[in-house]
Amino acid sequence: MRRVRRLSLALLLIGATAFALYWTWGRGPRLRTPLVENVPADAVAYVRVDVRAILRSQLWRRLVTDRGGDRGLARLRERCGVDPSAQVDELAAFVGSDGPRSLDHVTFLARGPFDHDALGDCMRQIIEEDGGGLRRVEVDDVPAVAGARGDSRMAFLGRDGIVFGAEPSVRRVLATVRGDSPRVEGVVKALHDDVVGSDIPEVVLAAAVPEHWQQALRERMGSDLPEPLRAALAGLRGIGAGARVSRGLALGLRLRFDDAAHADEIVGLVRRQRDVWLDDPLVQLSGAAGVLRRAGLEARGVEVVAAIDLDDATLDRVIEAAPRLLR
């Protein structure tokens, strides 16, 4: 009889634990696959990265690790005994039409085998050391955490999904996930699908270009911008880009214009500038000339399509030569 009671108690505890885990993390919606399917219709720019591919890449080692740029991750591992980067398989972010004036205007989506308890303890420790605090909340019946101040929320969708951003944006994501609001379509979705359809989808960028973004682009490029280029940029409607970083570096770029004449103009301008660079002795000595010659560039209707694929050895030479070329 005692053994039966012990077994019954053990089963009761297991059941209560399972129910608690389900109630905390298992209820509610789950992120859709692919991550772009969770992005609201008002988004005008979207980027997704394969985190593991990035962290294993030669680019990350040469440009970040070798220069001490990942000290923050190392400190987190030492302080908390958990490696956040190992718990994220893919990370995405999107912005609305107002643009990313600050990180407060960027919403993040993450998927991976999260250890919520360990991550939560780590976040709490770091935030409390900075004089802040965390509290448990709910956003549209989804468990979340919030800071002591501000409207930022981190909502947990099952055991493998996280949405982080300003509360109104998190709510829009949840409505999209549930099918109550439309997801992003148009230029952003079309360019995303074109890039993902290639063989370089470890990093994906897709963006529409509203008028005020065009104006900001022209201002950044300066008043000495050639008039043909200025006119062509006025017709820019979308940008799509993809990268493969796990083996060498492959890059693909799509620029979508409102008129095929603008695409032809851009291709002509870039080809003429490439010829100028190829005549530069410094470019020839650096080894960059071979890279420029291998780069593909063509106009396809209203789109400019460019691509390049570098093996590990060539990429290494380009990284070595880049500071000299920039100077």
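Please read all numbers here as calculations on a predicted model, not as lab measurements.
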Q: Do the side chains of Tyr46 and Val36 get nearer than 4.5 Å, heavy atoms only?
A: yes
Q: Would you say that Leu35 contacts Asn38 through its side chain, given a criterion of any heavy-atom pair below 4.5 Å between the two side chains?
A: yes
Q: Please find the pair of heavy atoms, one from Ala206 and one from Val188, that lie closest to each other, and give the distance.
A: CB-O, 3.4 Å
Q: Using only atom types and a distance under 3.5 Å, with no angle test, would you say the side chain of Gln58 pairs donor to acceptor with the backbone of Leu315?
A: no
Q: Using atom types as modelled and distance alone, determine if a side-chain donor or acceptor of Glu167 lies under 3.5 Å from a backbone N or O of Asp151.
A: no
Q: Does Leu249 share a hydrophobic cluster with Val51, counting links as ILVMFWY side-chain heavy atoms below 4.5 Å and allowing steps through other members?
A: yes
Q: Please tell me whether Val204 and Val187 are part of a single hydrophobic cluster in this structure, the criterion being side-chain heavy atoms less than 4.5 Å apart.
A: no
Q: Do any N or O atoms from the side chain of Asp279 and from the backbone of Val276 form a donor-acceptor pair under 3.5 angstrom?
A: no
Q: Find out if a path of hydrophobic residues (ILVMFWY) with successive side-chain heavy-atom gaps under 4.5 Å connects Val196 to Val305.
A: no
Q: When rounded to the nearest 0.5 angstrom, what is the spacing between CG in Leu174 and CG in Leu157?
A: 5.5 Å
Q: Is there a side-chain contact between Leu31 and Glu90, using heavy atoms and a 4.5 Å cut-off?
A: no
Q: Hey, are the side chains of Asp140 and Arg178 touching, using non-hydrogen atoms and a 4.5 Å cut-off?
A: yes
Q: Under 4.0 Å between a Lys/Arg side-chain N and an Asp/Glu carboxylate O for Asp160 and Arg30?
A: yes
Q: Check the pair Glu37 / Thr33 against side chain to side chain contact (heavy atoms under 4.5 Å, CB included), numbers first and verdict last.
A: CA-CA 7 Å; Glu37 297 293 332; Thr33 300; over 6 Å; no
Q: Could you go step by step and tell me if Asp66 and Arg61 meet the salt bridge (charged side-chain N to carboxylate O under 4.0 Å, His left out) rule?
A: CA-CA 6 Å; Asp66 290 353; Arg61 177 180 59 80; 3.5 Å; yes
Q: For residues 261-274, which residue pairs pass the side chain to side chain donor-acceptor pair (under 3.5 Å) check, not counting sequence neighbours?
A: Asp258-His262
Q: Is there a side-chain contact between Arg294 and Leu310, using heavy atoms and a 4.5 Å cut-off?
A: yes
Q: As an exercise, state the distance from CZ of Arg172 to CG of Asp180, rounded to the nearest 0.5 Å.
A: 14.5 Å
Q: May I ask you to check whether Asp115 and Gln87 show a side-chain donor-acceptor distance below 3.5 Å?
A: no
Q: Applying side chain to side chain contact (heavy atoms under 4.5 Å, CB included) between Val173 and each of Thr176, Val170, Val177, report the one that passes.
A: Val177
Q: Do you know the tightest heavy-atom contact between Ala289 and Leu278?
A: O-CD2, 3.7 Å
Q: Inspect the contact between Glu303 and Arg256 and indicate whether a charged nitrogen and a carboxylate oxygen are less than 4.0 angstrom apart.
A: yes
Q: First locate atom CG of Asp275, then atom CG of Leu292, and finally report the distance between them rounded to the nearest 0.5 Å.
A: 10.0 Å
Q: Measure the OG1-CG distance between Thr314 and Asp311 for me, rounded to the nearest 0.5 Å.
A: 3.5 Å
Q: Do the non-hydrogen side-chain atoms of Phe156 and Ile162 ever get within less than 4.5 Å of each other?
A: yes
Q: Is Leu236 linked to Leu191 within one hydrophobic cluster, defined over Ile, Leu, Val, Met, Phe, Trp and Tyr using a side-chain heavy-atom separation of less than 4.5 Å?
A: no
Q: Got a sec: does the CZ of Arg52 have more than 12 other heavy atoms crowding it under 6.0 Å?
A: yes
Q: Apply the test side chain to side chain contact (heavy atoms under 4.5 Å, CB included) to residues Leu297 and Val267: give CA-CA distance (whole Å), side-chain angles for both, the deciding distance (0.1 Å), then the verdict.
A: CA-CA 7 Å; Leu297 177 68; Val267 169; 4.3 Å; yes
Q: Any chain of hydrophobic side-chain contacts (each under 4.5 Å) joining Val142 to Val137?
A: no
Q: Distance check, rounded to the nearest 0.5 Å: Phe164 atom CZ versus Ser169 atom OG?
A: 11.0 Å
Q: Output, in order, the C-alpha distance, side-chain angles, deciding distance and verdict of side chain to side chain contact (heavy atoms under 4.5 Å, CB included) for Arg48 and His192.
A: CA-CA 10 Å; Arg48 186 200 67 86; His192 168 275; 5.7 Å; no
Q: Under 3.5 Å, is there a donor-acceptor pair between the side chain of Arg153 and the main chain of Val163?
A: no
Q: Hey, does His105 have a side-chain heavy atom less than 4.5 Å from the side chain of Val95?
A: no
Q: Between the main-chain N or O of Arg32 and the side-chain N or O of Arg111, is there a donor-acceptor pair closer than 3.5 Å?
A: yes
Q: Hey, could you give me the CG/CZ distance between Leu251 and Arg244, rounded to the nearest 0.5 Å?
A: 9.0 Å
Q: Any side-chain heavy atom of Val184 sitting closer than 4.5 Å to one from Phe94?
A: no
Q: Which heavy atom in Val304 sits nearest to a heavy atom in Ala263, and how many Å separate them?
A: CG2-O, 3.5 Å
Q: Given side chain to side chain contact (heavy atoms under 4.5 Å, CB included), test Ile54 with Val245 step by step and report yes or no.
A: CA-CA 6 Å; Ile54 291 286; Val245 297; 3.8 Å; yes
